[in-house]
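Keep in mind that what you see is a predicted model, and the values were worked out from it rather than measured. Chain letters run A, B, ... following the sequence lines, proteins first and then strands; every chain starts at 1.
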Number of protein chains: 2
Amino acid sequence: MVRKPTSKETARKPNMREAILAAAEELFATNGFNAVSVRDIAQAAGANPGSVTYHFKTKDGLLLEIYRRHCGPMNLRRSELLAAAKRVRDLQDRLEAVVRAYVVPAFTSGSDLAGGGARFTRLRAVMSAEGNEVARKIIAQTFDDTSHAFIDAIHDSLPHIPRTDIVWRSHFLLGALYYSLVTPDRVSRLSRGEADGNDPANAIEQLVQATVAAFQAPALDQAAPARRRTVASSKT
Amino acid sequence: MVRKPTSKETARKPNMREAILAAAEELFATNGFNAVSVRDIAQAAGANPGSVTYHFKTKDGLLLEIYRRHCGPMNLRRSELLAAAKRVRDLQDRLEAVVRAYVVPAFTSGSDLAGGGARFTRLRAVMSAEGNEVARKIIAQTFDDTSHAFIDAIHDSLPHIPRTDIVWRSHFLLGALYYSLVTPDRVSRLSRGEADGNDPANAIEQLVQATVAAFQAPALDQAAPARRRTVASSKT
DNA sequence: TGATCTTTTGTACGATAGTACAAATCACAT
DNA sequence: ATGTGATTTGTACTATCGTACAAAAGATCA
């Protein structure tokens, strides 16, 4: 179905704007923001450096547009999956479903924009590590709502665990998720080839299984820091 | 005790070389490698840009020296703690001790070089995310041994779990560890002030507790991918 | 004190960064 | 066919990057 484009969106190449976005996304996600130049992006997209300025004004504007492009659809998908997960009756099954609803959209690989995808998640991981200012603002105002929704859903499945613990553990989940996308080869290397860190299905199952167990761990009582033993004190 | 310095280590300021290393460590860990200029580092250390070149030749050389300075003592400390942990008789307790031996040196804050410290760990997290070439080489040749030692120790405590699963779960542990050091404020924010993401003791306890439970999760049978339900398929 | 070596300073160079802008080119309506 | 607005190209400007290097300053020992 070839629709007739209006004069507002004509272009010489099929869609140069999209090509630039895709190239920038890939390069930012693998090399970080500062290591990638506008010229690098233009070259990877088969475009002229000036085109980047024309479409996105600044380099920050380009990053901003990448976030705008993905955040909406991704959070929508997560909301749908979360809603479905919340309808699961059995508490144990519901917990797993909720975790899966959080993890799956972050992994589903990214030829389609709608799904969010591993590439965008990796991008977010790298921006978070670099302390990127643009990313920080967007995340705080866009992702915190989603995070709270998931935390609440998980808390509903585990009423006896303090909310504080849930927050910590979902923080760990996000860290593990990010790291799995940033350094998948490390898994292959450490497992001596027995596991494939780049296989999303495998990563998802492993992550879900481990995370569900982590959430189900006994509550960490603030009132009971009297640990049985302290192995960690050999020197001091 | 003021020892007489030889001609090989005299300097105008107490120790400008160390000041540069400390400044670079801090700046790299918070802003990434490429976002920080040699001039930034020199200014933060109260030194002249030329001094950086004099002591470390190149910017890569400076990063390399930071790694060299920390890797040895940190892995040594981990080895000691691991050896102590392995002597714990009870399997459950031993698992926790091993995890703690892995986590604690990564968090212990870093006024002393020997301890490794949170700052250096945060640096490693950022370099890993940026895909830094210098860091990648060092990590593969320095940290993999340590990682294998811990994986083996954990496997000994959990003989019924396949090694592949152990690798995945320790990978998740490292990701959670990194992320906790990179974005501690997110914990405070999401818990609405009830938890302090910047409190190392708290982070360690939460991480150890969650991780031990994750390791103890039932094995993920490769032969049984027939899951009971698939909540994750609402669209496709 | 003066010779010698180490360290710091100051400055400069080439490369590359982000961005601006005029000219060229294209798609489409008339 | 031609005019018009959207897009792409080519190029240039300024700032800053990593690094080099000579001169200045400090420390050490005869």
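We find that CE of A:Met16 is positioned 13 Å from P of C:dC26, with the value rounded to whole Å. Distance CG (B:Asp40) to C1' (D:dG18): 12 Å, rounded to an integer number of Å. When the P atom of D:dT16 is taken as reference, atom CD of B:Gln43 falls 12 Å away, rounded to whole Å. Protein atom CZ of B:Arg17 is 15 Å distant from nucleotide atom P of C:dT6, rounded to whole Å. As rounded to whole Å, 12 Å separates atom P of C:dG18 from atom CG of A:Leu27. The distance between atom CG of A:Asn15 and atom P of D:dA6, rounded to the nearest whole Å, is 16 Å. Here the C1' atom of nucleotide C:dA20 and the NZ atom of A:Lys57 are 8 Å apart, to the nearest Å. The interatomic distance linking B:Ile41 (CD1) with D:dT16 (C1') rounds to 15 Å, in whole Å.
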Open item on the list: Assess the residue pair B:Asp40 and B:Ser37 against the criterion (side chain to side chain donor-acceptor pair (under 3.5 Å)); give the C-alpha distance rounded to whole Å, side-chain angles, the decisive distance to 0.1 Å, and a yes or no.
Closed with: CA-CA 5 Å; B:Asp40 291 337; B:Ser37 72; 3.2 Å; yes
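Side-chain proximity of B:Lys59 to C:dG18, D:dT7, D:dT19: nearest is D:dT19. With D:dG18, C:dG18, C:dA20 as the candidates, the nucleotide lying closest to the side chain of A:Thr53 is C:dA20. Of the listed nucleotides (C:dG18, C:dA12, D:dA20), C:dA12 has the atom at the smallest distance from the side chain of B:Arg39. You'll find that the side chain of A:His55 is closest to D:dT7, out of D:dA20, D:dG18, D:dT7.
Partners of A:Phe143 under the ring-ring contact (aromatic ring centres under 6.0 Å, His included) rule, at least two apart in sequence or in another chain, do not exist in this structure. Evaluation of the ring-ring contact (aromatic ring centres under 6.0 Å, His included) rule for B:Phe150 yields B:Tyr102 as partners, not counting sequence neighbours.
End-to-end axis angle for the helix from C:dT1-D:dA30 to C:dT30-D:dA1, using five pairs per end and rounding to 10°, comes out at 0°.
B:Glu25 has no carboxylate O lying under 4.0 Å from a charged side-chain N of B:Arg122, or vice versa, which leaves the two without a salt bridge. Using a 4.0 Å cut-off between a side-chain N of Lys or Arg and a carboxylate O of Asp or Glu, A:Glu205 and A:Arg100 qualify as a salt bridge.
Using a 4.5 Å cut-off on side-chain heavy atoms (C-beta onward), B:Leu123 and B:Arg119 make no contact.
For the pair A:Ser188 (side chain) and A:Asp196 (backbone), a donor-acceptor distance under 3.5 Å is absent.
Not one side-chain nitrogen or oxygen of B:Ser51 sits closer than 4.0 Å to the OP1 or OP2 atom of C:dT7. For D:dG10, one of the phosphate oxygens OP1 or OP2 lies less than 4.0 angstrom from a side-chain nitrogen or oxygen of A:Asn48. A close approach under 4.0 Å does occur between a side-chain nitrogen or oxygen of B:Tyr54 and OP1 or OP2 of C:dT7. Note on A:Ser37: every side-chain N or O is 4.0 Å or more away from OP1 and OP2 of C:dT16.
Toward the 5′ end of DNA chain D lies the nearest nucleotide of A:Gly50, the other residue of the pair A:Gly50 and B:Phe33 mapping further downstream.
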